[in-house]
Amino acid sequence: MRVLGIETSCDETGVAVYDSETGLLAHQLHSQAALHAEYGGVVPELASRDHVRKLIPLLHQVLSDAGLDRRGGIDGIAYTAGPGLVGALLVGAAVGRSLAFAWGVPSVAVHHMEGHLLAPMLEPDAPEFPFLALLVSGGHTQLVAVDGVGVYRVLGESLDDAAGEAFDKTATLLGLPYPGGPELAALAEHGDPNRFRFPRPMTDRPGLDFSFSGLKTFAMNTIADAPGDPQTRAAIARAFEEAVVDTLVIKCRRALEHTGLERLVVSGGVGANRRLRQSMGVLADKLSVAVHYPRIEFCTDNGAMVAYAGCQRLLAGADEPLAFDARARWPLESLLPPGAEHGPQ
Ligand code: KG4
Ligand code: ZN
């Protein structure tokens with residue numbers, strides 16, 4: 001089955017074609033980062049309008065890259081239906097559902113976080129089920145026990161800011177351009193690791209939930225009390241990054257020990273962080289656990305993960321009615337395995 005995947009939940013327009021037999025045929029991404037940079041964050045209305053501008057040209061490009069005819073060669077369409085910005089989601093949903101109608105093929109609404117969670121399945125060393133997933137993006141921080149596609153148990157999540165959000169907000173405090181996560185990580189590379197120490201929130205009590213908003217406040221106070229020279233800013237970035245990474249590693253360790261799971265998946269934008277990958281590697285060695293990531297470009301939002309996740313449901317016979325839906329919120333645990341449900345109710 002050949003599936004066209006469409007991602008428009010936030011500020012990236014992603015399109016891909018995934019073939020269940022031969023794998024990923026083509027993928028394209030347009031990032032709106034430059035558009036939102038002057039506002040210091042995503043402006044929902046601008047995001048929707050830019051998806052409208054970019055989605056059809058990207059679709060043409062991907063079909064041509066995949067060597068497919070505009071009308072033929074696609075057996076099903078998968079589009080992100082939530083969670084995310086509703087106006088942005090509606091662009092992908094409307095285009096995806098309409099194309100499916102025009103081409104006479106089934107379509108399926110994909111949960112954005114299921115896309116992230118299954119993204120490592122696109123790699124040659126795809127993990128087997130069951131596994132523990134650490135989903136760390138700009139909107140979510142979750143630890144999920146995954147027994148199979150659509151069989152998810154959320155073991156812990158952030159009670160306030162997501163890890164990526166904390167990176168972005170702290171980056172703004174440090175005067176870095178949006179989106180700040182990768183910029184902060186780059187600055188931290190030159191930072192003295194011994195100059196500042198940030199707390200590891202919620203690691204001194206049992207449980208698997210996270211809280212990152214206090215780190216941002218801690219960063220704000222540290223920045224206010226310290227000189228503004230480049231070395232100091234780099235040292236603050238370093239201390240912040242280490243605190244987030246340590247916290248994520250401590251909770252992953254706890255979840256792995258608690259569940260006895262032997263495979264760990266780390267996915268979502270913050271999964272691209274070099275120091276996080278390094279520290280997870282050390283943990284994985286210590287616990288004799290295998291750790292899997294998507295390739296760096298598929299850690300952040302993309303159409304390939306949506307095509308893959310949708311394909312699993314389309315293979316099981318998913319086919320929606322003509323009405324479609326977009327959801328700002330959509331609990332991951334409400335999903336069912338392929339064949340048992342066909343998108344948001
Ligand atoms: O998964 P994603 O593209 O979008 C959401 O679904 O939210 O994640 C984007 C987030 C942003 O907060 C961005 O700053 C963060 O991932 N991010 C990073 C890195 N690359 C992206 N954070 C830390 N280090 C990185 N290298
Ligand atoms: Zn995402």
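Predicted model, so just to flag it, every value in this text is computed and none were measured. Every number for a ligand or one of its atoms is a count from 1 in the order of the listing.
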Take every heavy atom of P182, measure it against each atom of ligand 1, and state whether any distance is under 4.0 Å. yes
Please report which non-hydrogen protein atom sits nearest to atom 22 (N) of ligand 1, along with the residue it belongs to and the distance in Å to one decimal place. G181 CA, 3.7 Å
May I ask you to check whether H140 brings an N, O or S atom to under 2.8 Å from the Zn ion (ligand 2)? no
Please give me the minimum heavy-atom distance between G82 and L89, naming the atom from each residue. N-CD2, 3.5 Å
Taking just the N, O or S atoms of D301, which one is nearest to the Zn ion (ligand 2)? OD1
Which of the numbered atoms in ligand 1 are below 4.0 angstrom from a heavy atom of G139? 7 (O)
Step through the shown structure and confirm whether more than 12 heavy atoms of other residues, nucleotides or ligands are within 6.0 Å of CD on E262. no
Between Y152 (side chain) and G150 (backbone), is there a donor-acceptor pair under 3.5 Å? yes
Give the ring-plane orientation class for H111 versus W330, where under 30° counts as parallel, over 60° as perpendicular and anything between as tilted. tilted
Heavy-atom contacts under 4.0 Å between D301 and ligand 1: side chain, backbone, both, or neither? both
Residue H112, metal the Zn ion (ligand 2), N/O/S under 2.8 Å: yes
I need the nearest protein heavy-atom contact for atom 19 (C) of ligand 1: residue, atom name and distance, please. G269 O, 3.7 Å
Smallest heavy-atom separation, M121 atom then F131 atom, equals CE-CE2, 3.8 Å
How far is atom 7 (O) of ligand 1 from the closest protein heavy atom, and which atom is that? G138 N, 2.7 Å
Any donor-acceptor N/O pair, H292 side chain to L264 backbone, under 3.5 Å: no
Protein heavy-atom partner closest to atom 14 (O) of ligand 1 - residue, atom, separation in Å: D168 OD1, 2.6 Å
What atoms of ligand 1 come closer than 4.0 angstrom to any heavy atom of G164? 12 (O)
With a 4.0 Å cut-off on heavy atoms, does H116 reach ligand 1? yes
Using heavy atoms and a 4.0 Å limit, tell me yes or no: is P179 in contact with ligand 1? no
Under the criterion ring-ring contact (aromatic ring centres under 6.0 Å, His included), I'd like the reasoning laid out for F298 against H116: C-alpha separation, chi angles, the key distance, then a yes or no. CA-CA 8 Å; F298 292 164; H116 276 307; over 10 Å; no
Could you tell me whether a side-chain N or O of E7 sits under 3.5 Å from a main-chain N or O of Y79, the two making a donor and an acceptor? no
Between R277 and G271 (side chain of the first, backbone of the second, donor and acceptor by atom type, cut-off under 3.5 Å), is there such a pair? yes
Is it true that a side-chain atom of R153 and a backbone atom of V144 form a donor plus acceptor pair closer than 3.5 Å? no
When distances are taken from atom 24 (N) of ligand 1, the protein heavy atom at minimum range is N273 ND2, 3.0 Å
Can you list the ligand 1 atoms lying under 4.0 Å from a non-hydrogen atom of H112? 6 (O)
